[in-house]
Amino acid sequence: MKLRLKVWRQKSANDKGYFEDHTLEANEHMSFLEMMDVMNEELIQQKKEPVAFEHDCREGICGACSLVINGQPHGPMQGTTTCQLHMRHFNDGDTIHIEPYRANAFPVIKDLVVDRSSFDRIIQAGGYISVSTGQAEDGNAIPINRNDSSLAFDAATCIGCAACVAACPNASAMLFTSAKVSHLALLPQGKVEASRRALKMVNQMDEEGFGRCSNITACEAECPKGISIDNIARMNREYLSASLVGEEK
Amino acid sequence: MGWFSRFLTSSIGQKLIMSLTGLFLILFLMVHLAGNLQLLADDGGHSFNVYADFMAHNGLIQFVSKGNFFFIVLHAVLGISLWLRNRAARGGQKYAVTNVRAVNTHPGFAKNMAVLGVIVFVFILIHLYQFWLQMKLDNVALVSYEGGAELSDLYEKVKIAFLNPMFVIFYVVSMAVIAFHLWHGFQSAFQSLGLNHKKYTPIIQFLGKVYAILVPLGFAIIPIIFYLKNS
Ligand code: HEM
Ligand code: FES
């Protein structure tokens with residue numbers, strides 16, 4: 001299959017970026033990233049600079065791959081990451097726009113690679129539980145409601161890829177932050193610090209310069225793991241009660 | 001008060017204000033519509049004028065109406081400031097291709113709440129100038145029914161306004177814009193408050209759609225009927 005690619009090139013955060021045109025002969029069994037590899041090999045053979053993009057596991061679990069493909073983070077398929085997207089979902093002769101995630105809180109490092117360390121700082125602010133060192137506890141000693149453990153697990157499937165921010169017209173990070181807040185708040189081990197966690201993580205999220213949620217739900221629609229905005233409602237509850245009723249200042 | 005101002009300026013605190021003011025306006029619209037439907041009674045404006053007179057002279061109603069003005073302004077100012085902030089959060093470089101999908105709401109309305117809101121705001125200003133301000137300035141003729149006390153004949157004012165087809169169109173279009181704003185806004189207000197529940201959210205979403213259609217439709221039908229009856 002013959003493709004026309006319009007790929008975003010940008011030397012660094014401070015340089016102006018532009019779209020570069022490539023035509024490419026791809027094969028429908030390739031993954032999207034393999035197609036990008038082929039493009040880069042051609043560039044290297046022509047002694048040109050290859051396009052920088054992120055990837056690691058290439059099996060949809062690490063959250064490293066990104067890209068906004070024809071206006072959609074991780075491309076047109078629902079419930080998949082870019083590394084799991086196959087070229088058979090495109091047609092011969094298609095023009096494909098490939099852009100980096102665009103958000104103030106994610107400055108471009110190079111080409112399609114953006115700096116997502118603002119997510120790390122949100123996690124550092126409270127996305128953890130404190131456990132005393134010593135003998136490991138028996139995992140089954142604490143009873144956990146089946147429904148809560150399922151909901152916590154659903155939230156925990158968030159791979160932190162930031163497609164939610166890329167998809168959100170407001171560049172808001174509420175889905176990511178709420179998945180982390182929910183995942184821990186639903187479990188007994190996480191409940192202990194739930195109030196402080198909600199305050200700190202939301203505070204950090206606001207400080208990083210993400211936009212604010214308007215409940216547009218584009219995040220849920222584009223999330224490769226299908227994280228639900230129910231988590232955002234849960235975080236709102238946690239934050240409202242922590243702010244208005246909780247003792248923490 | 002440090003914690004309180006931090007709360008009110010936080011993303012979730014501001015959502016709370018948007019949502020509570022929005023819900024207040026939703027309640028207000030229902031009451032306003034119930035009153036206005038008396039314009040359709042076939043009594044030469046008697047019941048409507050009595051109602052308008054009651055509303056204008058009841059202390060409690062006047063107090064709530066001050067609150068209503070305040071909430072509209074608060075909702076609008078905060079809504080516009082959120083809009084500007086959210087546009088800035090995207091960064092200087094916009095996407096060349098956009099393709100917004102949504103779950104259980106209309107992405108076009110959801111994404112353009114502020115644009116819809118600004119149109120509603122302009123409508124509100126013109127609407128207030130046309131009826132409310134004229135009442136306040138006593139620019140409304142008096143009428144009395146069966147030898148009773150004299151009342152402002154707001155009914156007549158409405159009748160004259162809607163002889164002009166441009167006003168009729170303006171009102172109908174503005175009601176459509178309110179419908180779009182609420183198609184997203186009604187259920188969004190509940191989600192913002194954290195009121196999301198497997199059992200109740202589908203009901204809220206359904207009621208929101210019913211409200212977003214019926215209430216603006218109820219308002220829009222008044223100028224249309226007046227125009228058809230009187231012109
Ligand atoms: C006066 C002009 C208005 C403006 C500028 C405006 C603006 C907005 C904006 C920007 C939002 C999205 C808030 C966000 O992103 O968090 C919004 C939400 C909303 N608006 Fe308005 N609006 C206006 C009038 C109205 C009116 C008249 C009503 C009710 C009849 C209303 C009801 C709502 C509701 C219920 C929401 C949802 C709140 C939420 O998302 O939490 N608005 N409005
Ligand atoms: S490369 Fe790991 S999720 Fe795509």
Side-chain angles (χ1 to χ4, degrees), chain A residues 6 8 10 16-17 19 68-72 76 78 97 99-100 102-108 165-172 174 198-199 202-203 205-206 209-222 228-241 243-244 248-249, chain B residues 1-16 18-19 78-79 81-114 184-198 201:
Chain A
K6 290 189 163 295
W8 186 257
Q10 185 170 340
K16 241 183 105 63
F19 281 103
V68 173
I69 301 164
N70 288 338
Q72 286 176 298
Q78 271 174 300
H97 276 83
E99 300 179 68
R102 299 197 191 281
N104 249 355
F106 294 154
V108 170
V165 176
C168 176
N170 302 345
S172 164
M174 289 278 275
L199 290 176
V202 170
N203 206 11
M205 174 185 83
D206 287 350
F210 291 104
R212 296 177 167 199
C213 178
S214 300
N215 304 324
I216 301 170
T217 68
C219 52
E220 177 178 329
E222 299 298 346
S228 158
I229 58 155
D230 295 0
N231 292 301
I232 297 183
R234 186 177 296 103
M235 176 166 78
N236 291 354
R237 290 197 294 275
E238 291 281 335
Y239 186 81
L240 290 174
S241 70
S243 300
L244 297 175
E248 313 255 356
K249 281 220 173 179
Chain B
M1 285 308 272
W3 66 271
F4 194 61
S5 64
R6 180 148 32 84
F7 167 68
L8 285 184
T9 52
S10 73
S11 51
I12 295 174
Q14 299 204 319
K15 286 300 290 172
L16 179 80
M18 280 312 286
S19 142
L78 187 57
S81 98
L82 283 168
W83 180 41
L84 296 177
R85 176 195 282 266
N86 290 339
R87 280 172 60 90
R90 175 97 288 150
Q93 186 68 47
K94 308 285 174 231
Y95 286 118
V97 186
T98 51
N99 189 350
V100 180
R101 290 189 296 188
V103 188
N104 282 326
T105 184
H106 188 288
F109 302 156
K111 177 170 98 159
N112 292 308
M113 286 300 274
H184 173 70
F186 191 100
Q187 51 86 33
S188 171
F190 290 85
Q191 165 78 7
S192 294
L193 294 175
L195 299 175
N196 174 311
H197 192 284
K198 287 224 155 33
T201 299

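Since the model is a prediction, treat every value here as computed from it, not as a measurement.
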**Prompt:** Which bit of A:Arg102 is near chain B, if near means a heavy-atom gap under 4.5 Å: side chain, backbone, both or neither?
**Reply:** both

**Asked** Can you find a side-chain donor-acceptor pair between B:Ser11 and A:Asp206 that sits under 3.5 Å?
**Response** yes

**Fill in**
Cut-off 4.5 Å, heavy atoms of chain A, and the answer for B:Val103 is both

**Request:** Quick one: pull up CE in A:Met205 and OG in A:Ser172 and give me the separation to the nearest 0.5 Å.
**Result:** 6.0 Å

**Prompt:** So which of A:His97, A:Glu99, A:Arg237, A:Lys6 has the largest heavy-atom pair count under 4.5 angstrom toward chain B?
**Reply:** A:Glu99

**Asked** In terms of heavy-atom proximity below 4.5 Å to chain B, should A:Ile232 be classed as side chain, backbone, both, or neither?
**Response** both

**Complete:** Pair count under 4.5 Å, heavy atoms only, with chain B: among A:Gly209, A:Gly17, A:Ala166, highest is A:Ala166

**Asked** Which region of A:Phe19, side chain (C-beta onward) or backbone (N, CA, C, O), has a non-hydrogen atom less than 4.5 Å from a non-hydrogen atom of chain B, or is it both or neither?
**Response** side chain

**Request:** Evaluate the ring planes of A:Tyr239 and B:Phe7, with Trp represented by its six-membered ring, and classify them as parallel (under 30°), tilted (30 to 60°) or perpendicular (over 60°).
**Result:** parallel

**Message:** So does B:Asn112 get a backbone contact from the side chain of B:His184, meaning a donor-acceptor N/O pair under 3.5 Å?
**Reply:** no

**Asked** Of the backbone (N, CA, C, O) and the side chain (C-beta and beyond), which part of B:Thr201 lies under 4.5 Å from a heavy atom of chain A, both, or neither?
**Response** neither

**Asked** For A:Pro100, is it the side chain, the backbone, both or neither that has a heavy atom under 4.5 Å from a heavy atom of chain B?
**Response** backbone

**Prompt:** Can you name the closest pair of heavy atoms from A:Glu222 and B:Asn99 and give their distance?
**Reply:** OE2-O, 4.2 Å

**Asked** Is there a donor in the side chain of B:Asn104 and an acceptor in the side chain of A:Thr217, or the other way round, less than 3.5 Å apart?
**Response** no

**Request:** Under 4.5 Å heavy-atom distance to chain B, tell me which part of A:Ile229 shows up: side chain, backbone, both or neither.
**Result:** both

**Prompt:** Looking only at heavy atoms, which two atoms of A:Val165 and A:Ala103 are closest? And how far apart?
**Reply:** CG1-CB, 3.8 Å

**chain A contact via B:Lys94 - side chain, backbone, both or neither, heavy atoms under 4.5 Å** = backbone

**Request:** Could you have a look at A:Ser228, A:Ala218, A:Pro107 and say which one has the most heavy-atom pairs with chain B under 4.5 angstrom?
**Result:** A:Ala218

**Message:** Within a 6.0 Å radius of atom CZ on B:Arg87, are there more than 12 heavy atoms belonging to other residues, nucleotides or ligands?
**Reply:** no

**Item:** A:Cys219, part contacting chain B, at a heavy-atom distance under 4.5 Å
**Value:** neither

**Top contributor to chain B contacts, counting heavy-atom pairs under 4.5 Å, from A:Asn203, A:Leu244, A:Val108** = A:Leu244

